[in-house]
Amino acid sequence: MSKKYNRRTFIQASGAGIAGAGVAGASILAGRPKAAEQSALDHIRQQSQRQRAQRFNMSGYRAPRINTVRIGFIGLGSRGPGHARNMSLLEGIEIKALCDLVPDEAEKARKGIEFAGFSPTLYTGDAEAWKKLCDRDDIDLVYISTPWNLHAPMAVYAMEHGKHVAIEVPAANTLEECWQLVETSEKTRKHCQMMENCCYDFFELLTLNMARQGFFGDIVHGEGAYLHTLLEGNFNKNGYWNMWRLRENEHRRGNLYPTHGLGPICQIMDINRGDRMEYLVSVMSRDFQMNERARQLAATDGFYKEFVEQPYRGNMTTTAIRTNKGRTIMLQHDVTSPNVYSRIHKVSGTKASALKYPLPPRIAIGHRDWVSNEEFKALEEKYAPPIIKRVGELAKQVGGHGGMDFLEDWRLIDCLRNGLPLDQDVYDAALWTSIAPLSEWSVANRSNSIDVPDFTGGSWKTNKPVDILLEEGGNTKVIRAAPPRERRPRPVPEGVQQ
Ligand SMILES: NC(=O)c1ccc[n+]([C@@H]2O[C@H](COP(=O)([O-])OP(=O)(O)OC[C@H]3O[C@@H](n4cnc5c(N)ncnc54)[C@H](O)[C@@H]3O)[C@@H](O)[C@H]2O)c1
């Protein structure tokens with residue numbers, strides 16, 4: 001008989017799944033690092049210095065075309081059902097399986113795609129049910145939207161079982177896991193794409209095309225961030241499954257969610273495709289609010305007692321990265337302080353610059369002022385890349401973070417159906433994700449610098465830039481109208497301000 005799981009169940013049991021997948025460093029379930037380990041985090045430094053010859057280059061890799069992409073989804077809490085819904089609108093896909101530990105979540109996701117007429121098998125009620133989904137031989141793509149510590153174990157297992165993999169951000173929690181994703185993808189020749197949706201946001205795509213056309217001159221510097229107040233969301237006991245996001249922030253200290261700000265800047269700088277990151281430093285403020293919030297909540301609700309007096313991540317972490325070509329990147333992370341939402345997205349070149357946040361986005365030629373609204377519109381028209389011209393309006397109608405979620409899902413399926421290289425390969429997944437553990441080391445070591453590993457094994461020198469011109473493919477049609485988007489309600493406990 002299966003155990004009963006709901007959104008608050010904490011399952012030690014799923015540790016077995018991780019061990020079974022042969023992946024080290026599943027941090028939450030393996031228990032929290034002891035204070036002494038935490039202070040030096042030497043295993044991170046060792047992994048950062050690892051060098052490895054490439055076994056097979058997955059950058060630019062064209063996997064055999066798949067006419068109908070058969071998909072299995074794992075993790076159907078807040079994020080997974082949106083991806084299932086996006087995919088349901090497309091031609092050339094079939095949803096074969098849905099998996100969530102919590103039966104209600106799997107059932108809700110099934111209902112959400114009923115309009116498309118698929119009859120997926122549900123895997124649920126067991127922390128290892130996802131393995132059964134991966135074991136099937138009639139699935140091409142496994143799409144993972146679970147808590148962070150399960151991403152790499154599930155992705156590795158899925159690739160080992162012959163599936164391409166799409167993973168929500170970040171791709172992993174540890175450097176060991178980042179290396180494992182690279183090794184497994186190269187060994188199995190299965191794609192492993194981290195679904196960094198912000199690379200598909202409209203201004204980010206515009207500035208990428210402008211950079212390609214030389215508008216900014218040489219790119220000197222880029223800035224990105226994740227400034228998004230999640231304090232109450234993280235403490236919401238009806239929110240993230242088993243408080244997983246709070247637990248991550250409770251014992252890992254650094255830039256834990258780097259990829260939203262970083263991905264678009266890396267594409268603009270052709271990182272892993274002509275340039276590479278060499279080293280970084282990170283400095284972190286103290287925690288001003290998380291322990292305080294835990295104490296306030298625990299005073300009236302025993303549920304929160306375990307969250308009091310923990311070594312929480314500080315409010316703000318600032319990371320500075322230097323690249324081989326002498327460029328710099330600044331990345332910030334603060335999901336506690338009441339900031340207006342920002343991913344910054346600053347592009348600074350020898351001729352021009354752009355800045356997305358605080359909204360509205362702006363472009364400047366020279367140092368005097370931003371261009372006027374009319375000039376901005378003209379630039380937008382001139383430099384809009386083909387993906388925006390072809391699918392942009394439709395993506396806005398479908399929605400999901402303004403349309404970028406649909407664009408990323410459409411593009412993934414279009415690449416798989418046409419046998420094209422993916423826009424984000426396993427080296428991008430590993431590199432963009434690695435900033436989190438690397439920043440943890442730097443923070444724990446008085447902001448000293450740490451090497452950024454070269455996951456490409458040297459192929460960054462010759463890898464080709466991402467195709468943003470849709471020179472091939474771009475022919476996957478939308479064949480169903482999107483039903484109204486249902487936002488998953490997250491009930492707020494009494495006394496908690498969202
Ligand atoms: N790209 C974006 O804009 C964006 C936005 C939100 C979340 N995310 C990412 O999406 C992922 C999921 O976040 P979320 O907000 O949906 O979290 P969530 O807590 O709402 O959902 C996670 C789901 O995973 C399920 N789960 C846990 N253990 C499982 C197991 N062993 N087997 C199967 N299912 C299991 C839970 O039951 C839950 O339904 C995270 O990586 C997060 O960072 C990305």
Side-chain angles (χ1 to χ4, degrees), residues 2-3 5-18 20-21 26 28-29 72-84 86 97-109 122-134 142-155 157 166-173 193-201 226 228 230 233-234 236-249 256-261 263 335 341 343 400-402 404-409 424 429 432-433 436 487-490:
S2 62
K3 291 179 201 156
Y5 291 108
N6 60 38
R7 283 187 72 76
R8 288 199 212 159
T9 334
F10 181 40
I11 38 136
Q12 297 289 356
S14 66
I18 284 153
I28 292 182
L29 301 173
F73 290 89
I74 311 177
L76 297 159
S78 164
R79 191 77 180 138
H83 292 304
N86 289 342
L98 298 171
C99 169
D100 196 288
L101 177 64
V102 179
D104 281 355
E105 304 290 21
E107 180 50 29
K108 270 186 238 159
L122 266 47
Y123 296 89
T124 186
D126 177 345
E128 297 198 18
W130 57 273
K131 287 188 177 172
K132 292 192 186 124
L133 180 154
C134 297
V142 172
Y143 205 133
I144 301 165
S145 306
T146 54
W148 301 342
N149 64 312
L150 296 172
H151 288 183
M154 289 173 167
Y157 188 91
I167 326 175
E168 256 303 343
V169 298
N173 265 1
Q193 169 158 349
M194 180 177 72
M195 301 302 291
E196 185 34 82
N197 49 342
C198 299
C199 289
Y200 294 90
D201 212 349
Y226 192 59
H228 186 191
L230 297 174
N234 281 337
N236 181 351
K237 61 186 181 185
N238 297 308
Y240 297 106
W241 174 77
N242 182 36
M243 310 297 284
W244 68 263
R245 206 149 177 170
L246 181 62
R247 294 179 200 280
E248 291 286 355
N249 287 274
L256 299 191
Y257 205 60
T259 70
H260 284 337
V335 296
Y341 179 90
R343 303 195 302 267
H401 288 119
M404 63 182 176
D405 295 352
F406 178 75
L407 282 181
E408 71 168 345
D409 287 333
Q424 300 169 33
W432 303 352
T433 295
R487 269 190 78 80
R488 188 177 186 289
R490 286 200 155 139

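Residue numbers count from 1 along this sequence. Ligands are counted one by one from 1 in listed order, and the atoms in each one are counted from 1 as well.
Close approach to Tyr257 involves these atoms of ligand 1, each under 4.0 Å from a residue heavy atom: 4 (C), 8 (N), 43 (O), 44 (C). Ligand-side atoms of ligand 1 in range of Thr146: 11 (C), 12 (C), 24 (O), 40 (C), 41 (O), range being under 4.0 angstrom from any heavy atom. The contact set between ligand 1 and Val102, taken as ligand atoms under 4.0 Å from a residue heavy atom, comprises 37 (O). Annotation for ligand 1: atoms under 4.0 Å from non-hydrogen atoms of Trp148 are 40 (C), 41 (O), 42 (C), 43 (O).
Listed by chain and residue number, Trp148, Tyr226, His260 satisfy the ring pair (Phe, Tyr, Trp, His ring centres under 6.0 Å) test with Tyr257 (two or more places apart in sequence, or in another chain). With sequence neighbours left out, Glu408 forms a salt bridge (Lys or Arg N to Asp or Glu O under 4.0 Å) with Arg79.
Judged by distance alone, the side chains of Asp405 and Asn197 do bring a donor and an acceptor atom under 3.5 Å apart.
The nearest non-hydrogen atom to atom 42 (C) of ligand 1, considering only Leu98, Val169, Asp100, comes from Val169. Around atom 12 (C) of ligand 1, the closest heavy atom drawn from Ser145, Cys198, Ala171 belongs to Ser145. When the heavy atoms of Arg79, Met404, Met195 are ranked by distance to atom 2 (C) of ligand 1, first place goes to Arg79. Evaluated by nearest non-hydrogen atom to atom 24 (O) of ligand 1, the leading choice among Pro153, Ser78, Pro147 is Pro147. Scanning Arg245, His260, His83, Met154 for the heavy atom closest to atom 32 (N) of ligand 1 points to Met154.
Counting all heavy atoms, side chain and backbone alike, Asp126 lies closest to Leu101 at C-CD1, 3.5 Å.
Checked by distance only, ligand 1 and Ala127 come closer than 3.5 Å through their nitrogen or oxygen atoms. Polar contact check, Leu101 against ligand 1: a nitrogen or oxygen pair lies under 3.5 Å apart. Residue His151 has at least one nitrogen or oxygen atom sitting less than 3.5 Å from a nitrogen or oxygen atom of ligand 1, judged on distance alone. Inclusion of Gly75 in the set of residues having an N or O under 3.5 Å from an N or O of ligand 1 is not warranted. In terms of polar-atom proximity, defined here as any N/O pair under 3.5 Å, Trp244 does make such a contact with ligand 1. Residue Asp126 places no N or O, backbone or side chain, under 3.5 Å from any N or O of ligand 1.
Note that OG1 of Thr146 is 4.0 Å distant from NE2 of His151, once rounded to the nearest 0.5 Å. Atom OG of Ser78 and atom CD of Glu105 lie 9.5 Å apart (nearest 0.5 Å). Atom OH of Tyr200 sits about 5.0 Å away from atom CD of Gln424, to the nearest 0.5 Å.
Neither the backbone nor the side chain of Asn242 has any atom closer than 4.0 Å to an atom of ligand 1 (non-hydrogen atoms only).
Side-chain N or O atoms of Glu196 include one that pairs as donor or acceptor with a backbone N or O of Cys198 at under 3.5 Å.
Contact check for Lys108 versus Asp100: no side-chain heavy atoms found under the 4.5 Å cut-off.
We find that Glu248 and Arg245 are not joined by a salt bridge, their nearest charged nitrogen and carboxylate oxygen being 4.0 Å or further apart.
Residue contacts with ligand 1: Glu196 is excluded, as none of its non-hydrogen atoms falls under 4.0 Å.
Using the six-membered ring where Trp is involved, Trp130 and Tyr157 have ring planes that are perpendicular, over 60° apart on the 30 and 60° scheme.
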